[in-house]
> 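The structure that follows is given in the form of structure tokens.
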Amino acid sequence: MIVVVARPSATRRTSSSDEPAGPVVAVRAAPTSDAVLGPERAPRWAWADTAAWYPRLLTDGVRVERCLDLRLTHRILRASSATASATLAAAPPGPFDTATEPTAPAAPDTPAATLFDAVDDDPASAGHRGLAPHPAAGSPDEDECLAELAAQDAAVTGSSAPGRLRLLLVGESAGALAAAEMHHAGLPWDVAVHDEVLRSRLGDRPSRGERPATMARLAAEVRAALDAPTLNPDSLPDVLRALRRVGLAVSSTRQWELEGVDHPAIAPLLAYKKLSRLHSANGWAWLDQWVPDGRFRPEYVVGGVVTGRWGSSGGGALQIPRQLRSAVRADPGWRLVVADAAQLEPRVLAGLARDERMAEAGAGRDLYGGIVESGVVAERALAKVGMLGALYGGTTGASAAVLPRLLQAYPAAVGLVEDAARAGERGEVVSTLLGRSSPRPDAAWSRVQGDALDLDASDRAQSRARSQTRAWGRFTRNFVVQGTAAEWALCWIADLRRRLWAMGADAASPGLVAPPFVGRPHLVYFLHDELVVHCPAAWADEVAVQVAGAASAAGRLLFGDFPVDFPLSVGVAESYAEAKEHARLVVGRPA
DNA sequence: GATTATAGCGCG
DNA sequence: AAAGCGCGCTATAATC
């Protein structure tokens with residue numbers, strides 16, 4: 001059964017005095033659940049937008065077991081090749097096509113500026129704000145949600161791969177729940193450790209607008225070495241001019257280019273840039289803004305990347321620098337279980353292409369090592385760079401040099417990404433295993449292609465078109481693998497989320513964790529192929545088992561009986577840094 | 001003065 | 001050695 005949660009429709013509002021005094025919520029059992037999702041044991045909540053409904057529920061200590069996020073699923077079904085002939089795909093833009101409200105990266109010190117605070121369109125219910133969950137004005141109402149559910153139901157049922165699409169839709173929706181829960185719980189962050197890292201590298205915290213002592217010293221060294229007393233090391237053109245003036249033939253100030261240059265100014269300049277990055281991106285200002293209470297709470301943007309990966313907003317959650325991993329620390333008496341999927345994308349490719357030799361190379365072991373043992377290439381580093389080149393479309397250097405050997409050894413896998421590249425070059429749409437489809441190239445792309453076909457097209461126009469063609473091919477090549485890997489990760493996190501809840505609560509270890517997760521192991525961080533669970537210390541080993549089990553289950557969900565392993569590198573420790581350091585390869589069992 | 005664009009670097 | 005995919009964020013430059 002599906003329970004639709006929405007604003008009441010106008011047809012239910014006979015008069016403004018009928019407006020419910022409490023929650024502005026309408027609930028109705030939808031008639032067609034089994035066709036969309038298959039038979040289920042428990043109700044599934046369907047709502048327009050998890051990000052609009054769920055945070056307030058969590059604040060009230062309520063956890064939702066499963067849902068359908070109609071906006072996210074709508075977006076998938078609108079674009080999918082598998083549902084291209086459905087009414088849903090052809091319909092004009094409706095209430096589910098409007099972009100999710102621009103999630104103003106609301107810093108925690110301004111917690112009010114979120115979806116819930118949009119002014120309600122009905123003055124009669126304006127006074128309910130703060131009393132109960134309710135969506136922003138303009139959010140789809142009950143009738144619209146029911147109609148949407150029926151349209152999605154029809155689209156999936158009439159599609160070329162209903163089972164896979166169903167899995168994708170429930171996975172995406174479960175991801176939305178996990179994302180909201182991680183934001184709610186927050187990543188435990190030790191401000192004192194972070195401060196110590198900053199002080200050891202930068203010196204004491206400077207007053208606003210001042211350079212930290214170490215950076216000031218390095219800037220002076222650079223100025224002296226370049227004989228440029230007024231040089232601003234933060235200005236790229238300024239730095240480039242100064243380098244050229246002392247006779248250095250550099251074309252940019254990129255780190256890798258400068259590293260090859262022999263001059264006394266280079267070392268302090270690179271050191272300055274490194275520290276400057278730390279200070280501006282993750283310095284004291286960042287700490288003040290994003291970790292006010294010992295928790296880092298980024299906003300995860302589910303489906304925020306074309307491939308289905310998540311984006312994030314606020315605080316740069318996808319770029320926590322290695323240097324600061326020691327600041328991510330479990331609460332007293334708790335542990336962090338850190339897991340990342342080893343060589344996820346090549347394994348996903350092996351499953352996608354049903355390439356048994358490649359799957360075998362990764363069976364229960366490091367996949368790159370397995371490629372070497374099979375005699376395909378001589379060194380692990382070559383296997384790695386070659387695989388990455390195949391996934392990204394590398395055309396130069398060592399990567400391109402080993403590609404023929406990989407193609408010979410793994411024709412199914414390498415052939416699949418080559419085909420995806422060719423399709424993209426023709427301007428066609430490609431899709432992931434579960435049916436998420438790539439966008440079409442935009443009008444500008446087609447125009448450039450058209451221009452190159454003119455009889456009097458210039459060489460320049462033709463080469464522009466060729467390079468653009470190849471670029472789109474590299475995108476579609478990577479799309480099928482990155483996108484299917486994202487689907488694996490959704491299944492992984494969804495299954496783990498269930499397992500963790502099923503473990504229950506450790507009454508002896510309440511920790512500093514907010515309801516509904518008091519005493520319970522819970523997800524606190526997710527990054528493409530890596531996740532972190534925060535749990536009572538005594539439960540850490542069991543959590544590690546469940547994390548690996550969920551990875552194995554995810555492999556089964558996507559690839560059935562095809563024998564491809566998804567081993568994890570798992571570490572348990574008080575800090576993220578230590579956990580990474582002590583990580584070991586684990587292969588889980590699905591049951 | 002407020003905006004948009006770019007370079008550069010962090011992460012997978 | 002430093003390109004081949006996907007992001008977010010910052011400071012500065014460029015543009016209105």
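Lettering follows sequence order; numbering is per chain, from 1. FYI, side chains are in, hydrogens and waters are out, and symmetry mates aren't considered; it's all heavy atoms of this structure.
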> Taking only side-chain N and O atoms of Q323(A), does any of them lie within less than 4.0 angstrom of OP1 or OP2 on dG10(B)?
no

> Which value, rounded to the nearest 0.5 Å, describes the distance between E530(A) atom CD and Y525(A) atom OH?
6.5 Å

> What does R322(A) touch in the nucleic acid at a heavy-atom separation under 4.0 angstrom: a base, only the sugar-phosphate, or nothing?
sugar-phosphate

> Using a 4.0 Å heavy-atom cut-off, does S399(A) contact any base of the nucleic acid, only the sugar-phosphate backbone, or nothing at all?
nothing

> Please report the interatomic distance CG(L558(A)) to CD(E487(A)), rounded to the nearest 0.5 Å.
6.5 Å

> Figure out the CZ/P separation between R201(A) and dG10(B), and round it to whole Å.
13 Å

> Give the rounded distance in Å between these two atoms: CG of L278(A) and P of dC9(C).
17 Å

> When we call it a touch if two heavy atoms are under 4.0 Å apart, what does R470(A) touch: a base, just sugar-phosphate, or nothing?
nothing

> Taking OP1 and OP2 of dC9(B), is either one under 4.0 Å from a side-chain nitrogen or oxygen of R277(A)?
no

> Rounded to the Å, how far apart are W488(A) CH2 and dG12(B) P?
15 Å

> So, does S280(A) get its side chain near the phosphate of dC9(C), meaning an N or O under 4.0 Å from OP1 or OP2?
no

> With a 4.5 Å heavy-atom cut-off, do R245(A) and L226(A) have their side chains touching?
no

> Using a 4.0 Å heavy-atom cut-off across all strands, classify V306(A) as base, sugar-phosphate, or nothing.
sugar-phosphate

> Is any side-chain heavy atom of E418(A) closer than 4.5 Å to one of R477(A)?
yes

> Under 4.0 angstrom, heavy atoms only, what part of the nucleic acid is G316(A) near: base, sugar-phosphate, or nothing?
sugar-phosphate

> Heavy-atom nearest nucleotide on DNA chain C for E259(A) versus Q319(A): which residue maps closer to 5'?
E259(A)

> Find the distance E257(A):CD to dG8(B):P and express it as a whole number of Å.
9 Å

> Nearest heavy atom decides the nucleotide; on that basis, is A281(A) or V385(A) closer to the 5' end of DNA chain C?
V385(A)

> With a 4.0 Å cut-off on heavy atoms, is S252(A) in touch with a base, just the backbone sugar-phosphate, or nothing at all?
sugar-phosphate

> Rounded to whole Å, please give me the gap between NZ in K384(A) and C1' in dC5(C).
15 Å

> Can you find a side chain N or O atom of K274(A) that sits less than 4.0 Å from OP1 or OP2 on dC9(B)?
no

> So, OP1 or OP2 of dA13(C): does either fall under 4.0 Å of a side-chain N or O from S235(A)?
yes

> What distance separates D69(A) CG from T50(A) OG1, expressed to the nearest 0.5 Å?
3.5 Å

> With a non-hydrogen cut-off below 4.0 angstrom, is L344(A) in contact with a base, only sugar-phosphate, or nothing?
nothing

> Could you tell me the Watson-Crick or G-U partner of dT15(C), where both distances fall under 3.5 Å? Say none if there is no partner.
dA2(B)

> Using a cut-off of strictly less than 4.0 Å, decide whether R254(A) has a side-chain nitrogen or oxygen near OP1 or OP2 of dG8(B).
yes

> Could you tell me the separation between the CD atom of Q289(A) and the C1' atom of dG8(C), rounded to a whole number of Å?
14 Å

> Indicate, with a heavy-atom threshold strictly under 4.0 Å, whether L391(A) touches base, sugar-phosphate, or nothing.
nothing

> Among the nucleotides dC7(C), dT12(C), dC5(C), which one has an atom lying closest to any side-chain atom of Q482(A)?
dC5(C)

> Using only atom types and a distance under 3.5 Å, with no angle test, would you say the side chain of T73(A) pairs donor to acceptor with the backbone of L169(A)?
no

